[in-house]
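Keep in mind that the numbers below use all heavy atoms, side chains included, and drop hydrogens, waters and symmetry copies.
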Amino acid sequence: MNRNVFFVAILFCCLLTLPAFAQNEINFSFVTEGIQTATRNTDILMDDPSVSSSVYGESGARKAGFGDGIQPGFGLGAEIQISPSTKAITIPVGFTWRNFQVNMWAPLILNRTMKYTGYEASTSGVGDITFRLGYPFRYELFADKTSWFYPELKIKIPTGDAEANDSGYLVPLGTGSLDFTVGISGWLQLNEKSGFDLRTQYRMNGTDDRIAQTIIDSDIITTTYDVKNGNFWFLSGEYSRMVRTFLNDRLHLNGFAGISLMLHGDGTTDWFSTSELTSENASGSFSNYQSMTLVDLSLGAELTAANYTVRTLIVIPAITNRHELSRDDNRSIAFRIGGSFHF
């Protein structure tokens, strides 16, 4: 029965990816500031589940580091994310065979908001699905201390509607691009109760092609935008410790504290427009103003019992250095809570 639940979840998430491969460029109307406001909104970029699950989620190496070895089988979970711009539920699904691990994250955006001049727009729907392939392996880095390393490759599929809007105000549910991430994480078991996790990843973002139409007087202007978000790199470390056991050592309470650094590139948007009335063409490009340096602190706890885990996390912004022309508000505390089971 458990395996049937897993395969149903896999099938459902795969069906969600079909629109990403079938979708064509769509003409839509939008307010004048829509494209630039959306591409320059770094809060939406950072709060997207495909990013936040990488930076603040449990790494493959850390997960492999608990216990005596890799546990084969299936894993299924759910995670709730609450941040100023995005409230979402993400369903992670995983499968381990020998040392190979395949994971998938399917997010549902419950509410996403974006501020425009005199209006706060919001949308909801399916977000971008991410797949991960990893291979954890054990390596005795130090004598009498267990350590794991976990190289991984991630592929983000543009299943979220990058042209979702609220009364013409663009509030994208995804980036509209096929993105790739490479990374490695490491876990060092300090003693039987504590350990340290270090992970780094680099994400290479693809290009999203959008077509928009606006009416000026009696003329229809058709503009094609090639939007490329800036690539980013992050490094994070986390110390975890078993705080207490309950029920004759069957229930464990673990606490952890971490710090992360992210460097994000500017990104660019190229555009080409044509007038239906005069057939005149124009083209150009503009910066997405996405460059930023972020440092965050994280505190959390998790309960584990047999194959079940419940995890909570608070993310506290420590340093925010954005592009000088960025109009985003100061960042606020974000919360994450999730649970999973392995069978």
Side-chain angles (χ1 to χ4, degrees), residues 9-10 12-17 19-20 38 41-60 63 75-94 102-114 122-132 134 152-162 164 171-181 183 199 201 203-206 208 229-230 232 234 236 258 260 262 264 290 294 296 298 300 309-315 317 331-340:
I10 285 285
F12 173 73
C13 293
C14 288
L15 289 175
L16 292 179
T17 68
N41 190 303
T42 56
D43 286 335
I44 284 184
L45 286 176
M46 294 300 96
D47 290 342
D48 191 83
S50 68
V51 175
S52 57
S53 63
S54 295
V55 180
Y56 309 113
E58 187 175 31
S59 75
K63 203 162 188 176
L76 184 64
E79 184 176 66
I80 299 174
Q81 170 187 332
I82 301 175
S83 62
S85 70
T86 301
K87 297 173 179 61
I89 295 178
T90 300
I91 306 298
V93 181
V102 179
N103 303 87
M104 174 172 56
W105 288 266
L108 176 63
I109 309 296
L110 302 177
N111 182 260
R112 171 163 285 173
T113 60
M114 225 175 71
S122 65
T123 56
S124 60
V126 175
D128 288 342
I129 291 179
T130 301
F131 292 89
R132 176 176 72 178
E152 58 185 325
L153 170 67
K154 290 184 178 180
I155 302 174
K156 186 184 71 61
I157 310 296
T159 48
D161 186 1
V171 187
L173 297 172
T175 64
S177 60
L178 184 68
D179 307 327
F180 296 88
T181 301
R199 56 188 181 269
Q201 292 182 9
R203 176 157 151 177
M204 297 158 284
N205 290 311
D208 174 29
N229 292 320
F232 69 81
F234 80 83
S236 64
S260 64
M262 172 175 287
H264 201 290
Q290 296 171 353
L294 308 177
D296 291 338
S298 58
T309 299
V310 176
R311 177 180 170 98
T312 62
L313 181 71
I314 299 175
V315 180
R331 295 190 301 146
S332 303
I333 292 176
F335 301 90
R336 301 172 69 86
I337 181 170
S340 63

Measure across Thr113 and Ser122 and return the closest heavy-atom pair with its distance rounded to 0.1 Å. CG2-CB, 3.8 Å

Quick one: side-chain hydrogen bond (donor to acceptor under 3.5 Å, both in side chains) partners of Thr42, sequence neighbours excluded? Arg322, Asp328

Gap between atom CD of Gln201 and atom CZ of Arg132 - 0.5 Å precision: 8.0 Å

To the nearest 0.5 Å, atom NZ of Lys87 lies from atom CG of Leu108 at 14.0 Å

Lys154 with Asp179: basic N within carboxylate O range, under 4.0 Å: no

Would you mind reporting whether Leu178 and Ile157 have side-chain heavy atoms less than 4.5 Å apart? yes

Is the backbone N or O of Pro92 less than 3.5 Å from a side-chain atom of Asn103, with the two atoms forming a donor-acceptor pair by type? no

Note: Pro317 and Ser332 closest approach over all heavy atoms is CG-O, 3.5 Å

Ser124: partners by side chain to side chain contact (heavy atoms under 4.5 Å, CB included), with sequence neighbours left out: none

What I'd like to find out is whether the side chain of Ile333 reaches to under 4.5 Å of the side chain of Ile314, using heavy atoms alone. yes

Using a 4.5 Å cut-off on heavy atoms from C-beta on, say whether the side chain of Ser50 contacts that of Arg203. yes

Using the side-chain hydrogen bond (donor to acceptor under 3.5 Å, both in side chains) criterion, which residues pair with Asp208? Sequence neighbours excluded. Arg210

Under 4.5 Å between any side-chain heavy atoms of Ile109 and Thr123, yes or no? no

In the structure I gave you, are the side-chain heavy atoms of His264 and Phe234 within less than 4.5 Å of one another anywhere? no

Are the side chains of Leu76 and Ile91 in touch, meaning some heavy atoms are under 4.5 Å apart? yes

May I ask you to test the Val51-Phe232 pair for a side-chain heavy-atom distance under 4.5 Å? yes

Rounded to the nearest 0.5 Å, what separation is found between the CG atom of Leu45 and the CG atom of Asn229? 5.0 Å

Where do Pro172 and Ala38 come nearest, in terms of heavy atoms and distance? CD-CB, 4.1 Å

Might you point out which heavy atoms bring Gly127 and Thr159 nearest each other, and give the distance in Å? O-OG1, 2.6 Å

At what distance, to the nearest 0.5 angstrom, does NZ of Lys156 lie from CD1 of Ile129? 10.5 Å

Look up atom CG in Asp128 and atom CD1 in Ile155, then write down how far apart they are to the nearest 0.5 Å. 13.5 Å

To the nearest 0.5 angstrom, please state how far the CG atom of Leu110 sits from the CZ atom of Arg112. 11.0 Å

Are any of the side-chain heavy atoms of Asp47 and Gln81 separated by less than 4.5 Å? yes

